[in-house]
Amino acid sequence: MTDGVRVRFAPSPTGHLHVGGARTALFNWLFARHHGGAFILRIEDTDRSRSTDENIGLIVDALRWLGLDWDEGPPAPGYRQTERLDLYREHAARLVAAGRAYYCDCPPARLEAERKAAEARKETFRYSGRCRGRGLTAGALRLGLPAAGTTVVHDLINGPVEFDHRQLDDWILVRTDGTPTYNFCVVVDDVTMRISHVIRGNDHLSNTPKQVLCYEALGYPVPAFAHVSMILGPDRGRLSKRHGATSVQAYREQGVLPEAMVNYLARLGWSHGDQEIFTRPELIERFDIKDVSASGAVFDQTKLEWLSHEYIKASDGARLAPLVRPFLAEAGLTGPDDARLAALLETLRERARTLREMVEVGRFYFERPAAYEDKARATLFTPAGAERLGILLERLESLEPFTAPAIEALYRDLTAALGLKLVDLAQLTRLAVTGRTASPPLFDVLALLGRPEVLARLRAARAAAGSVS
RNA sequence: GGCCCCAUCGUCUAGAGGCCCAGGACACGGCCCUCUCAAGGCUGAAACACGGGUUCGAAUCCCGUUGGGGCCA
């Protein structure tokens, strides 16, 4: 039955969209699209102190940037837990009525003391269940679990995982103050949204048996589960801020292309033979939750940047131009019109891993060099260098047409006439025009810059070379 | 501490008992190309955590150990 697939991504809006969350969202989305099912976005904002509307906006933006569209969810009403409190209350009441849940008035201080005592005896603390059957009508609501037996979670990634009921507490569904707990909300939400497959982080696997028991107590069918491994930092610990950028937004700001991010995240813990690069349709077609790895994966920014580079190389200047604009502005630069910008970017795409790098590498296109690389300046801007710049200035002034092939011919002729190597004049010119020793092919750069600009830069360089000596 | 998950090159992974003295990719080294830097081509180094089983045969199955992660607190 592949037609009833309904999956969800349920972030807590307590911050940016984390790459781990993004990957979970992606796997859900791919699963839904592969099976022609529905992808639902739900906001788990019961932690009001840390959940903000601003964060919801951030997460929504990040998902949109990644191209993960949802079939149900915000801005439509009813997809935020704070809007669903009645549902939780209603289901809690049903469990009480069915005798599957009971109230407990054990003071937290006493439970805490028992916990400490158990710890001192090196034992595992488990709530005793002493309030069960007392017929209380107030307090914390607990789900009565079977005292013996096991619950098996049939996980699509990890296989069957068995949990012994003796290890499980009668867990709290609703706190004494009336607020439902996270795990209970999740069950009620998944049930009422008719979720068929729960694809989420590995960190929820341990809570799953309790949830399964809750589904059963409620008389609902249990969905299929797939627990995706966590994303790790270089030290194999949970990926956190101290490892560097962890939010999707941060990579977006670095100028990583969204399709690269998606491709990278997809390949992190999932694979399809030896294939590394996937188009979105390929991803949808080939994705199978069963092929997702059960082990944790280290986030490798270098590989992400390699993919970003691959996608940048594959994009033409016209596509890149609008994407680069914000990065130009950020660098305090103003670019030319789209057509011209596109032409410039053509020479940059093989040399930049990110959009931001593109601006750095091509900076000279947008402003005259503010300085020359020191070392090169010392060896190239010599009296002889100044003289050669003078000759170049003179020749270039009358060159017709001012195109890359013509410029190259001029350089080759002149090089031979002066008994030099092409590299000698090329590097001298490169430094003069770009301020650096590395750039896109020189003759293309000169042609793109145009004669007036080239001459102006050569003159400035000649002056600088003259002042050195 | 108890329970749960995980374990192939530095990293992401292929591998579902013989095709593997382990393949691909990133990163790294070398060579080629070349006006520089890239890109590209070729090439090199680099792994089955350990110990027991099962089997004619194990990276692949089982058990244990170690290590890492998670949940409960």
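All values reported here derive from a predicted model rather than from experimental measurement. Throughout, protein chains are lettered first and strands after them, A, B, ... in sequence-line order, and every chain is numbered starting at 1.
Closest non-hydrogen pair, Val445(A) versus Ser439(A), comes out as CG2-OG, 4.2 Å. When all heavy atoms of Ala22(A) and Leu68(A) are compared, the closest pair comes out as O-CD1, 4.4 Å.
Nucleotides rC72(B) and rG10(B), compared at atom C1', are 34 Å apart to the nearest Å. Atom C1' of rG23(B) sits at a distance of 27 Å from the matching atom of rC62(B), rounded to the whole Å. rC26(B) and rA38(B): their P atoms are spaced 16 Å apart (whole Å). Spacing of P atoms, rG53(B) relative to rG15(B), comes out at 29 Å, to the nearest Å. Comparing rG52(B) with rU13(B), their C1' atoms are spaced 29 Å from each other, to the whole Å. Between the P atoms of rG68(B) and rG24(B), the separation comes to 32 Å (whole Å). A distance of about 13 Å separates the P atoms of rC61(B) and rU8(B), rounded to the whole Å. rG30(B) and rG67(B) have their C1' atoms separated by 36 Å, given to the nearest Å.
The partner of rC33(B), taking Watson-Crick or G-U wobble pairs whose two distances both stay under 3.5 Å, does not exist in any strand shown. Across every strand in view, rC20(B) sits unpaired, with no contact that passes the Watson-Crick or G-U test at under 3.5 angstrom. Nucleotide rU66(B) has rA7(B) as its partner under the Watson-Crick or G-U criteria, with both atom distances under 3.5 Å. In this structure rU54(B) sits in no base pair that meets the Watson-Crick or G-U test at under 3.5 Å. Pair assignment for rU60(B) gives none, since no Watson-Crick or G-U wobble pairing has each distance under 3.5 Å. rA38(B) is unpaired under the Watson-Crick or G-U wobble criterion, no partner having all donor-acceptor distances under 3.5 Å. Checking rC71(B) for Watson-Crick or G-U wobble geometry (two distances, each under 3.5 Å) identifies rG2(B) as its partner. Base pairing annotation: rC28(B) forms a Watson-Crick or G-U wobble pair with rG44(B), both donor-acceptor distances under 3.5 Å.
Only Thr437(A), Ala438(A), Ser439(A), Pro440(A), Pro441(A), Leu442(A), Phe443(A), listed by number, bring a heavy atom of residues 434-453 of chain A to less than 4.0 angstrom from any atom of RNA chain B. For the segment residues 143-169 of chain A, the set of residues with a heavy atom within less than 4.0 Å of an atom of RNA chain B comprises Asn158(A), Val161(A), Glu162(A), Phe163(A), Gln167(A), in numerical order. The stretch residues 360-372 of chain A does not touch RNA chain B, since none of its heavy atoms comes less than 4.0 Å from the strand.
If you check the side chains of Arg200(A) and Thr208(A), you find a donor sitting under 3.5 Å from an acceptor. For the residue pair His227(A)/Asp155(A), the side-chain donor-acceptor check at 3.5 Å is satisfied. Side chains of Thr181(A) and Asn183(A): no donor on one and acceptor on the other come within 3.5 Å. Side-chain N/O atoms of Asp47(A) and Tyr182(A) include no donor and acceptor closer than 3.5 Å. Side chains of Glu216(A) and Gln211(A): a donor-acceptor N/O pair is absent below 3.5 angstrom, by distance only.
The shortest distance between side-chain heavy atoms of Thr437(A) and Gln427(A) falls below 4.5 Å. Looking at Leu63(A) and Phe9(A), their side chains come closer than 4.5 Å, going by heavy atoms from C-beta outward.
Residue Gly269(A) is classed as a sugar-phosphate contact, given heavy-atom separations below 4.0 Å to backbone atoms only. His204(A) comes within 4.0 angstrom of nothing in the nucleic acid, heavy atoms only. Among the protein residues, Lys421(A) comes within range of no part of the nucleic acid, since none of its heavy atoms lies under 4.0 Å from any strand. Within the 4.0 angstrom heavy-atom criterion, only backbone atoms of the sugar-phosphate kind lie near Ser295(A); the bases stay farther away.
Separating the NZ atom of Lys313(A) from the P atom of rA38(B) is a distance of 13 Å, rounded to the nearest angstrom. Remark: C1' of rA39(B) and CD of Glu350(A) are 4 Å apart, rounded to the nearest angstrom. The interatomic distance linking Leu232(A) (CG) with rG67(B) (C1') rounds to 13 Å, in whole Å. Atom CG of Asp274(A) and atom P of rC20(B) are 13 Å apart (whole Å). Distance Leu428(A) CG to rC35(B) P: 17 Å, rounded to the nearest Å. Between the C1' atom of rA39(B) and the CH2 atom of Trp306(A) lies a distance of 14 Å, rounded to the nearest Å. Atom CD of Gln427(A) is separated from atom P of rA38(B) by 12 Å (rounded to the nearest Å). Rounded to a whole Å, the OH atom of Tyr127(A) is 17 Å from the C1' atom of rC72(B).
Between Arg430(A) and rA38(B), a side-chain N or O to OP1/OP2 separation shorter than 4.0 Å is absent. For the pair Arg353(A) and rA27(B), the criterion of a side-chain N or O lying under 4.0 Å from OP1 or OP2 is met. Between Arg238(A) and rC71(B) there is a side-chain polar atom (N or O) within less than 4.0 angstrom of OP1 or OP2.
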Checklist entry - Stepwise, does the side-chain hydrogen bond (donor to acceptor under 3.5 Å, both in side chains) test hold for Asp235(A) with His243(A)? => result CA-CA 9 Å; Asp235(A) 59 357; His243(A) 295 117; 2.9 Å; yes
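Of the candidates rC37(B), rU36(B), rA27(B), rA27(B) carries the atom nearest the Thr302(A) side chain, counting heavy atoms from C-beta on. For Asn207(A), whose side chain is taken as the heavy atoms from C-beta onward, the closest listed nucleotide among rA14(B), rA39(B), rC72(B) is rC72(B).
When ring centroids are compared, Phe27(A) and Trp270(A) stay outside the 6.0 Å threshold. Between Tyr311(A) and Trp306(A), the ring centre distance reaches or exceeds 6.0 Å. If you look at Phe287(A) and Phe31(A), their ring centroids are not closer than 6.0 Å.
The residue among Asp300(A) and Glu310(A) whose nearest nucleotide of RNA chain B is located toward the 5' end is Asp300(A). Between Gly273(A) and Lys210(A), the residue whose closest nucleotide on RNA chain B is further toward the 5' end is Gly273(A).
Taking the six-membered ring where tryptophan is involved, the planes of His272(A) and Phe278(A) are perpendicular, since the angle between them exceeds 60° and thus also 30°.
Between Arg319(A) and Glu259(A) there is a salt bridge, with a side-chain nitrogen of the basic residue lying less than 4.0 Å from a carboxylate oxygen of the acidic one.
Cation-pi contact between Arg280(A) and Trp29(A): present, with separation from the ring centre below 6.0 Å and deviation from the ring axis of at most 45°.
Applying the 3.5 Å distance criterion, the base of rG70(B) shares no donor-acceptor pair with the side chain of Asn202(A). A donor and an acceptor atom never sit less than 3.5 Å apart when one is taken from the side chain of Lys303(A) and the other from the base of rA27(B). A donor-acceptor contact under 3.5 angstrom links the side-chain atoms of Glu276(A) to the base of rG24(B).
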